[in-house]
Each structure stands twice: as structure tokens, then as C-alpha cells.
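Some notes on the structure that comes next.
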Protein chains: 2
Amino acid sequence: MDITFLKSYLHKKGYRITNQRMAVLNAIIQAENKHLNASEIHALVKKQYPGFGLATVYKNLRVLEQEGLVNKLDLSDNTRHYEINLSEPHCHLLCLKCGHIEELGDAFYKSLYDLLWHESRFTIEKRSLVFYGYCSTCRLQL
Amino acid sequence: MDITFLKSYLHKKGYRITNQRMAVLNAIIQAENKHLNASEIHALVKKQYPGFGLATVYKNLRVLEQEGLVNKLDLSDNTRHYEINLSEPHCHLLCLKCGHIEELGDAFYKSLYDLLWHESRFTIEKRSLVFYGYCSTCRLQL
DNA sequence: TTATTTGCAAAGGCTTTGCAGCAAA
DNA sequence: TTTGCTGCAAAGCCTTTGCAAATAA
């Protein structure tokens, strides 16, 4: 993933490009669809920067979320999870057995939005969609 | 709403029917689609039972949720909200301007589940769907 | 140089736990 | 009578805030 663009975006907005900030962003990018929470990010970045504080994670997550670079997710475990914002909205299917998180994007969303507009005249700005169930593999082993 | 059935259901499961427990359940039922959080429920019930403790709210909410009588919702404000479980799943449209919460049920869900099954072979057990946007009234005033 | 960011520690907010007394069955 | 429930206070978590020292620009 191209972090150069994200860097210059933050820079233009007046934020400073610090090692810690970039490390947080990188951790989220690298973890791809693992949806890390603050303390997981902290643990990862701490390997590289031993003195790295948890508060710094939170401060940066707020910046990155405000600027739309990452999304915050509620996965019902009382901690907030983060993923890189690929700007195409998607929803999450969380398997209750193996914990695997599947993502649905594009095609699903187009249909969903049609449906939603048809049912109610609501303009969607943000969304938080999590389905809990069993993935195709686990379903067979129940 | 018929609380007699819910009472006997809890009783059969070995729970005791206490005034406080019923008051919590009633508060959630009465508040219909207001999606109260723990402290709002506490405030309501306290009017009737002055000594009523917040911890008791939480203990009862856990019981009621475990037994499937109420649903817990994450509305991204860092507190958990509760609604009576009418057993037909529905999703929430939260207006970012007026705070109004609209609910979509039945018809929407049938279509949504078709869509979902079509995209992935996932069996849905639970879901947490919140859309944030502008309701038809507020949309015109932006 | 100067304004932002860091890192520590402390504080905050919501939720859970422990326990003695109370109450439902 | 027995076992679960209540209510208080204390503890637990996750997250935020305050502030002096460090650092990007």
C-alpha cells in the first residue's frame, strides 16, 4: 500500500510526520484485515520503538480516524478496532466459531444502498455493519 | 406488551421475579424504540425505587440479554444501549442531525439476507447494523 | 525557533465484582 | 429454609487528559 500519499495528505493538513505516527499507520496497513485494537497496535509498534506509549496510540488513532485514513469498528467486545480506510465501504461477517472476519464490498453495497433508499429516504454517511454467524467452513462442523 | 409471558419464561429458567428486575424490563419495554443505556434505565427505575443501584441494572441487563429478552446495541457513543427483543431482527438508521433513530425490519431484512447468502455462504445468527446519515426531514435542511 | 507530538502518570467513564443483608420461592 | 438478588463500595478496563521534555518543520 502506498503510504507516500497518506503522508503528504497528513502533511498538507498540518500534521507532523513522526516515526510513531507512521508506525501506527503502518501497523494498521500491514495487519490488513485483522482489525487490530489499540493495545494490539501498541504491542506491535513497541517492538520497533521500545519507549512507545499507549496514549500515543490513542492520540494518533484519533487523528487518523478524523482524517478518514482509518475506520473505527465496534465488534462488540468492548474495545474499538481499527482498519485502513480503503474508501470503498464494506461490512464484516464475523464467524462465531473460528473468529475469521470476512469482508463484503462493492457489489453487496450497491444492492444494499438501493434497498435502503427504497425502504426509507435516508442518506447514508457512515455505517457500522457487523454480522455474526458461521462461515461456510465452520457451518459444516456444527 | 405482554410481560406475563416474559415473567414465566424467566421463572422457568430459574431466575427470580424481583421488583427491580421487572422494573428494568418494563423500562426497556416502555421506552420502546428509545434505546436506553444503563444509566438512563437506572434513572427511570430509581424514580419508582429510590434505593435502586446501578450495579443491579447491569446485573439484570446481562440476564435479560443472555436470555434473549433484550438486545444490546453499539451506537458508537461508548455506552451500550438496550432494546426489547421483538424477535424480528431489524437495523437502525441514526440521524446525525436530529438524533432520531429509525428502524427497518421485515421486508428489508428478507431482501438483505437473500443478498448476503448470494454474496457469501454465511449463516447469520446475530447482527449489529447501524447506518449513520440524515433522515428525510433533516436532509432538506443541510 | 516554535508549535506539535511524545510519554508518563493521573484522571475519567462505563462496567463488573465482592460481600453482607434481604427477599423470592 | 434455601438460594438467588440487591445495594453499596471497591476494583477493573479501556480511553482521555495534563504537562514537561523531545522533535519535526
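Each chain gets a letter, A, B and so on, in the order its sequence line appears, and its residues count up from 1.
For Lys72(B), the salt bridge (Lys or Arg N to Asp or Glu O under 4.0 Å) test picks out Glu65(B), with sequence neighbours left out. Evaluation of the side-chain contact (heavy atoms from CB on, under 4.5 Å) rule for Asn19(A) yields Tyr49(A) as partners, not counting sequence neighbours. Remark: Asn71(B) engages Glu83(B) in a side-chain hydrogen bond (donor to acceptor under 3.5 Å, both in side chains) (not counting sequence neighbours). For Tyr15(B), the side-chain contact (heavy atoms from CB on, under 4.5 Å) partners at least two apart in sequence or on another chain are Leu10(B), Lys13(B), Arg21(B), Val63(B), Gln66(B), Glu67(B).
Rounded to whole angstrom, the span from the CZ atom of Arg21(B) across to the P atom of dT3(D) amounts to 17 Å. One interatomic measurement links the two molecules: CG of Asn60(B) to C1' of dT16(C), which rounds to 14 Å at whole-angstrom precision. In this structure, CE of Met22(B) is placed 17 Å from P of dG4(D), rounded to the nearest angstrom. Between Asp77(A) atom CG and dG12(D) atom P there is a gap of 20 Å when expressed in whole angstrom units. Atom CG of Asp74(B) and atom P of dC14(C) are 14 Å apart (whole Å). Between Leu73(A) atom CG and dC14(D) atom C1' the separation is 17 Å, expressed in whole Å. Between His42(B) atom NE2 and dC14(C) atom P the separation is 13 Å, expressed in whole Å. The separation between Leu61(A) atom CG and dC14(D) atom C1' is 13 Å, rounded to whole Å.
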How does each nucleotide of nucleotides 15-25 of chain D score, in 5' to 3' order, for protein heavy atoms under 4.0 Å: base (B), sugar-phosphate only (S), or none (-)?
-> BBBB-----BS
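Residue pairs meeting the side-chain hydrogen bond (donor to acceptor under 3.5 Å, both in side chains) criterion with at least one member in residues 125-142 of chain A, sequence neighbours excluded: Ser76(A)-Tyr132(A), Lys97(A)-Gln141(A), Tyr113(A)-Arg127(A), Arg139(A)-Thr123(B). Residue pairs satisfying the ring pair (Phe, Tyr, Trp, His ring centres under 6.0 Å) criterion with at least one member in residues 59-81 of chain A, sequence neighbours excluded, are absent.
Heavy-atom minimum distance, Ala27(A) versus Leu36(A): O-CD1, 3.9 Å.
If one axis is set at each end of the helix from dT1(C)-dA25(D) to dA25(C)-dT1(D) from five pairs, those axes are 40° apart, to 10°.
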Sequence neighbours left out, cut at 3.5 Å: what donor-acceptor pairs do the side chains of residues 37-44 of chain A make with other protein atoms?
unit_1   : atom_1 : unit_2   : atom_2 : d
Asn37(A) : OD1    : Ser39(A) : N      : 3.2
Asn37(A) : OD1    : Ser39(A) : OG     : 3.4
Asn37(A) : OD1    : Glu40(A) : N      : 3.0
Asn37(A) : ND2    : Thr79(A) : OG1    : 3.4
Glu40(A) : OE1    : Asn37(A) : N      : 2.8
His42(A) : NE2    : Phe52(A) : O      : 2.8
His42(A) : NE2    : Leu54(A) : N      : 3.4

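One distance of note links CZ of Arg80(B) with CG of Asn78(A); it measures 4.5 Å at 0.5 Å rounding.
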